[in-house]
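Protein chains get the first letters and strands the later ones, always in sequence-line order, with residue 1 at the start of each.
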Amino acid sequence: MNMDFEKQYNPADYEDAINKEWEDSGFYNPDNLVLPADAPSHTIVLPPPNVTDKLHVGHAVMIAVEDLLTRYKRMNGFRALWVPGTDHAAIATQNVVEKRLFKETGKTRHDLGREKFLAEVNEFALGTQKTILNQIKKMGASLDWSRLAFTLDEQRGRAVKKMFIDMYRDGVIYRGERVINWCPRCQSTLADDEVEYKEQTAKLYTFKYSKDFPLAISTTRPETKLGDTAVAVNPSDERYKKYIGSTFEVNFVGVPLKIKIIADRGVEMSFGTGALGVTPAHSMVDWQMAQKNELPVVKVIDESAKIHPGFGEYSGLRALDAREKIVERLREAGLLEKEEDISNNLSQCYRCDTSVEPIPSKQWFVDVDKKLERLGGKSLKEISLEAATSGEIKFTPERFQSQYENWMNNLHDWCVSRQIWFGHRIPAYYKLKVKSEKLKITEEEIYVGEAAPEGEGWIQDEDTLDTWFSSGMWTFSTLGWPDTYKNGIKSGDLAKFHPTAVLETGSEILTLWVSRMILMSYYALGEKPFSNVYLHGMILDEKGKKMSKSKGNGIDPLDVIAKYGTDALRLSLLIGNTPGNNSRMSWEKIEAQRNFVNKLWNVSRYILGELKIKNEKLKIDEESLTGVEAWILNRCENLIAEVRKNLDDFAFSAAGEKLIDFIWNDLADWYLEASKFEESANKKAILIYVLRTILKLLHPFAPFVTEVIWHKFNDSMLMVEKYPSLCHPEASDKRAEGSILDSSRGAQNDKKNGFELAKNIITAIRNARAENKVEPARKIKAVIYAGDKVELVIQNEILIKSLKTGISDLKISAKGEKIDGAIYAAVGEIEIYLLGAVDTEKEKVRLEKEIANLEKFAAALNGKLSNADFVGKAPEKVVAIEKGKLAKAETELGKLKEQLQKI
RNA sequence: GGGCAAUUAGCUCAGUUGGUUAGAGCGUUACAUUGACAUUGUAAAGGUCACUGGUUCGAAUCCAGUAUUGCCCACCA
């Protein structure tokens, strides 16, 4: 053991070695922990970071929280498993590589071809993955690397295929049409986040389809109106109510249309004419209206943004040219009522700025409303919703439960196919089947399965699956599914570790990811994927702005680690950060935590280095505790209870703050200072005990520095020490009675108050000295021995009436401090000065006010409790609480009155 | 447009189900200092809890509205 303590803690000197030691120990893998057979499991799956880029500070908070939970549970004897992995992030990754390819070589993915391009993407993904894993390791994450997974690896590939095939055979997955965003130039579909919106001024044309049509409509895209099959109006619009439900056949600039008038709440009465021409094939909203109202879909624009055949003189024209021509015809016919400039958003391709065409296309969907036998006749939507409403899955913070339910309630079928190359290719195969040679009718045959079926001519679907399809299976695909699940029975890792305990992730992907995981776990296993959802907020820069690479305001976790150490980084992310709320990150915050880590280092340096206390099995003799010792042990016991409670409630920040407060204020500033004045039989035992306790308590927050210090006086590894559950373990029998310090709680509280008082006195003295306000004549030197009992009475001044040591007539007073109870003096020798007097008149007024208020309260409660209505309505529990309040109020009242009498 | 939040000290935030005089850290100011730690210590100053109403004996806390800010989703005919 190396007892050398540098004056300052330098994390860089220790972290790598400690990290290696942890990894080499094998304890990250719960299978290596020696635990009783019935030890409970605690599983967390790491939300797999996208392999698009290295980690940022947002990931760091995720790792800090999850590692905290995992270490806490591990130290509590749980089979703690934390599964690492990365996400292929299909679209995002492909975009990054495509952009780079284009920038470097001017080529598109189509120039390279599928195979070559995928090789490029894979190479890139592997590179980033390596960087990411190194970063995670650097943070001291206790992930079980033997279970490392990737959403696109072989095992996950089998899981995805199996899931798709099962769902297809159950009729949950089906193929249907939907309007998607199409870039006519790239000849490719665009995902929602690939569409960019640009404000522009557009011409809004108002016209009637024909003279005999009663309503005028407004549009910026007259050419699409060739495909209109309805006009929608707001159901409460008095102007058009009478038309709802009727159908009109019109001749629109030479093209015959059949228009039905439908009602839709989404139509704004004040926009344009309040009537909306519905073009199902070329507008997302219109498509949805068409689905609801069973309208026919007429395609007008093709994949090259030209007008389809069958539209007379317009066919073959580019959309923009067709628009001009149509407007011209309308003008000629006198149908054009208005032309005005409006500003709207133009949808553009993120890559080439070409305006996007919404066109219908064949896609794969997950039917969320299909009732399933394997789910007891419920649909995926119903069962996922129930998981939240029944409390099976709990959300922290709670408000996200309603957000989840809201979203689930509005859930539509989930489109799972994506027209990109990087991802899990859809296991569907098509073959053209000739139905009738004569009529030249062909039909597409579909086969869904592991591999192409026997026979010629089968072609696999070109598309890949939505990235959430594979990451939605993350809790069980990482635990060996489907191999570990046969005939409804779990085995291996799946049996041991699923459902997982907590899903910890960013609040922004609650709907995107969390809901999909719930859905898929219920489908595949019939059970929830996790019991708790903990959502952290975003980490913003010090001005409250999102950190982004382009703005250059990001804080790189690796920079922080290099400069101030991992512990400082982790603490600054955990403290001052409440669940679900965004939090600002600044170098000052990190610096403050670095200072704390150094403080802890020096506390240890003092105890172990200066006092040369060895790690002998020192026993605390409870009979001979001095006041200050009783106080620190009492504070320590409370600390353990509070920290445990906070951690169990996911209140990490509160737990951390309490730890820091105890270590810095109670231990370092008070107990260590006080202990310099007195020698006692218990001193060493208490110091070493308290040090051991705080190191254990703090380990999940700041694993490195605590382990380093631990190693200075222990051969064991702190990471697998037992998390403290009581102040001194030897006294567990006494604790059962409510206290480990004294047989009666009251006496203990007196001791506590006593030391608080002593603290006040010392403080007052120091302050007086500092301010030099004390007149020498009133300076009294007194000797108070530890354990001496001093009674105080509040008068004009506070007078110490009796003192065992024989010194009487000792006057002390603290400015306005309320002092009562007994003193257990903390120091051997103190100097006491008269500082001032308590303003009794003021105190009296305050007490009277308080008593009056309490009397009112008690009266109100009394009235309430005898009110039959109230009792009848309220559950018994509420009445009991109210009764408790009343009792408390009455006790309070008694106390206050007593105090008032004394004055 | 739909949904969800936030607004408390100069700054960053707590405030656990309504209850004494609203807390902490940073910053500021004053003072201390050689002996665990200047990455230190002791104190002080600093708040109409965004605003307006309501409920209540009592509101930072519950309700309604207003203002400002932010996030997610949908999308602009």
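Closest approach to the A:W664 side chain among B:C4, B:U39, B:U40 is made by B:U40 (side chain taken as heavy atoms from C-beta onward). Distance from the side chain of A:N581 is smallest for B:A5 among the nucleotides B:C73, B:A5, B:A77. If you check B:A77, B:A14, B:U39 against the side chain of A:R594, the one that comes closest is B:U39.
Rounded to a whole angstrom, the distance from the P atom of B:C75 to that of B:A64 is 30 Å. If you take atom C1' in B:G54 and the same atom in B:C72, they sit 32 Å apart, rounded to whole Å. Taking the C1' atoms as reference points, B:G41 lies 10 Å from B:C37, given to the whole Å.
Between the CD atom of A:E657 and the P atom of B:G25 there is a distance of 9 Å, given to the nearest Å. When rounded to the nearest whole Å, the span between CG of A:N406 and C1' of B:C73 equals 10 Å. For the pair A:K645 NZ and B:U17 C1', the computed distance is 12 Å after rounding to whole Å.
A stem is defined here as three or more consecutive Watson-Crick or G-U pairs, each with both distances under 3.5 Å; for RNA chain B these stems are B:1-7 with B:67-73, B:10-13 with B:23-26, B:28-32 with B:40-44, B:50-54 with B:62-66.
Close to B:U69, at under 4.0 Å from its OP1 or OP2, lies no side-chain N or O of A:N582.
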Atom pairs, protein N/O to nucleotides 34-36 of chain B N/O, distance under 3.5 Å:
residue	atom	partner	partner atom	Å
B:A36	OP1	A:K676	NZ	3.3
B:A36	O3'	A:R605	NH1	3.4
B:A36	O2'	A:N602	OD1	2.8
B:A36	O2'	A:R605	NH1	2.7
B:A36	N7	A:K676	NZ	3.4
B:A36	N6	A:A668	O	3.4
B:A36	N6	A:E673	OE2	3.2
B:A36	N3	A:N602	O	2.9

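A:Y209 places a side-chain heavy atom less than 4.5 Å from the side chain of A:I259.
Between A:Y14 and A:Y9, the two ring planes are parallel [angle under 30°; tilted spans 30° to 60°]. The aromatic rings of A:F395 and A:Y404 sit tilted relative to each other, their planes meeting at an angle between 30° and 60°.
Cation-pi geometry between A:K712 and A:F5 is met: the NZ or CZ atom falls under 6.0 Å from the ring centre, inside 45° of the normal.
Partners of A:A202 by side-chain contact (heavy atoms from CB on, under 4.5 Å), not counting sequence neighbours, listed by chain and number: A:Q200, A:T220, A:N344.
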